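First comes the structure, then the notes that go with it.
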Amino acid sequence: MPASTVSKRSRSRITGAAALAVGASLVLAACGSTKDTASAGSGGTGKVGVILPLLTSPFWQSYNDYVPKMAKSEGVEALKTVNSNSDPSQQITDIDNELNQGVKGLVVAPLDSAAIQAGLDQAERKGVPVVAVDVAPDKGKVAMVVRADNVAYGKKACDYLGQHVSSGKVVQIMGDLASVNGRDRSEAFRSCVKEKYPRLKVLEIPAKWESDTAAAKLDTLLNANPDIKGIYLQAGGVYLAPTLQTLKSKNMLKTAGQKGHIAIVSNDGIPQEYEAIRKGQIDATVSQPADAYAKYGLYYIKAAMEGKKFKPGPTDHDSTIVELPSGILEDQLPAPLVTKDNVDDPKLWGNTVR
């Protein structure tokens, strides 16, 4: 996902799972279903605060645009979104400010899986339920985590490269390992290559979701390893543009079918990635569902405010709620692989925005 450049402090947007919805009056909903089969509790509804991790990535810009639309369709009174600007400590302050404004629910995309606990604890003390989007907290109470399966992201990227690169060096430009998303994607890719494609050698660039860091480290790596055959970008929103620029500056940006083409798999599903696929600059991306993140983040916070809770199992929207080892529940939304064969599918959210 080509995109705007992210500052050096830029951090991850990435994944998680969720605890049981708050309140002693919570009523059990049908197993895994998101249909309104449970009666509302006494908590009622109210204003909801929505906190973004950053706005320098096209992915989060799209999510931000979806929030008011989905709030209207889900019947949620959402306040104007708040941007934590890639600063985990600012995100805690933002949570505190929203609580002081009297919100009855929070939808938060955590920047740091560990640091977010302080904000979650503040919300729990005030009896305000929280839904985590994209990144799961390491600790703390949430009503649900809404994210796709980030382990599957890494495996899909691994399988694509493994099936298109017979042998040689491949690079994964990793996210922030302080985020569960960065950890899940990195380990899944690494393990999959080791198990299924032993003729590939994985080189790694820890880039912390920072575009300038990715560009500088990729430049250095390519100087020492000009024979790279494949690249996995863990976040197209921040890594696509600097990767393409770096390859172009070294005369290594060859389109698919050309001799010397480096196979590239990205992750996000933004329009810029789709254009790069159409041009043959990259080969595939995993579409992370920005629209569904907004929709179901707001759906679950409304449900938690009404006193509902959910159990593991299939949902009515082609996903599965799973219970993580921590006991947190996570709705794992579909995230399809996009290639030249399906890049023009009108159902992909990246084809619905400009």
Side-chain angles (χ1 to χ4, degrees), residues 1-3 14 57-59 62 147-175 181 184-186 188-190 192-193 195-197 199-200 202 214 228-245 247-248 252-293 318-319 332-354:
M1 20 180 201
I14 323 82
S57 159
F59 178 87
S62 295
R147 70 190 288 246
D149 184 349
N150 279 243
V151 170
Y153 291 173
K155 289 180 177 178
K156 288 179 181 181
C158 158
D159 281 329
Y160 188 91
L161 289 180
Q163 291 162 15
H164 291 81
V165 178
S166 58
S167 63
K169 301 172 185 175
V170 296
V171 182
Q172 66 164 333
I173 303 181
M174 302 186 293
N181 287 4
D184 279 355
R185 297 177 198 186
S186 299
F189 182 82
R190 188 184 302 129
C192 170
V193 170
E195 177 184 349
K196 299 173 68 174
Y197 308 102
R199 296 182 66 188
L200 297 182
V202 178
I228 291 297
K229 300 293 181 62
I231 301 175
Y232 168 37
L233 310 176
Q234 288 191 7
V238 292
Y239 296 154
L240 179 66
T243 296
L244 296 182
Q245 290 163 2
L247 292 174
K248 185 176 180 180
M252 297 176 70
L253 184 58
K254 310 295 183 182
T255 57
Q258 280 189 312
K259 183 179 180 181
H261 172 67
I262 296 174
I264 300 175
V265 183
S266 193
N267 197 122
D268 270 344
I270 59 174
Q272 296 94 323
E273 287 171 311
Y274 294 175
E275 278 305 302
I277 291 172
R278 294 182 183 108
K279 292 176 180 178
Q281 295 173 328
I282 72 171
D283 301 81
T285 187
V286 179
S287 177
Q288 185 168 224
D291 55 346
Y293 278 6
D318 299 321
S319 67
Q332 295 189 334
L333 302 172
L337 183 73
V338 180
T339 68
K340 64 181 180 180
D341 294 330
N342 63 337
V343 69
D344 294 320
D345 185 344
K347 294 179 181 178
L348 295 168
W349 74 265
N351 285 326
T352 68
V353 298
R354 293 290 179 267

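This one's a predicted model, so the numbers in the text were calculated from it and none came from an experiment.
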Atom pairs and distances, side-chain donor-acceptor, residues 335-342, under 3.5 Å, sequence neighbours left out:
residue	atom	partner	partner atom	Å
Thr339	OG1	Asp341	N	3.2
Asn342	OD1	Thr339	N	2.7
Asn342	ND2	Leu337	O	3.1

Under 3.5 Å donor-acceptor, [X] side chain and [Y] backbone:
X: Gln234; Y: Gly175; result: yes
X: Gln172; Y: Ser186; result: yes
X: Thr285; Y: Asn267; result: yes

Spacing of [atom1] belonging to [X] relative to [atom2] belonging to [Y], to within rounding of 0.5 Å:
X: Thr352; Y: Lys347; atom1: OG1; atom2: NZ; answer: 13.5 Å
X: Thr243; Y: Met252; atom1: OG1; atom2: CE; answer: 12.0 Å
X: Lys229; Y: Leu200; atom1: NZ; atom2: CG; answer: 9.5 Å
X: Ser57; Y: Leu240; atom1: OG; atom2: CG; answer: 10.5 Å

Minimum-distance pair of heavy atoms, taken over all atoms of [X] and [Y]:
X: Ala263; Y: Val165; answer: CB-CG2, 4.0 Å
X: Gly237; Y: Pro58; answer: O-CD, 3.5 Å
X: Glu273; Y: Ser266; answer: OE2-OG, 2.5 Å
X: Ser62; Y: Val353; answer: OG-CG2, 4.2 Å
X: Gln281; Y: Ile264; answer: O-CD1, 3.8 Å
X: Ala148; Y: Tyr293; answer: N-OH, 3.1 Å

task: For Asp344 and Tyr274, test the side chains for any donor-to-acceptor distance below 3.5 angstrom and give the result as yes or no.
output: no
- prompt: Knowing that exactly one of Asp283, Val170, Ile282, Ile231 qualifies, which makes a side chain to side chain contact (heavy atoms under 4.5 Å, CB included) with Ile262?
  reply: Ile231
message: Here's a test for you: under side chain to side chain contact (heavy atoms under 4.5 Å, CB included), which of Tyr160, Tyr239, Tyr153 qualifies with Tyr232?
response: Tyr153
[Y] side chain reached by [X] side chain, heavy atoms, under 4.5 Å:
X: Met174; Y: Arg185; answer: no
X: Asn351; Y: Pro346; answer: no
X: Phe189; Y: Leu161; answer: yes

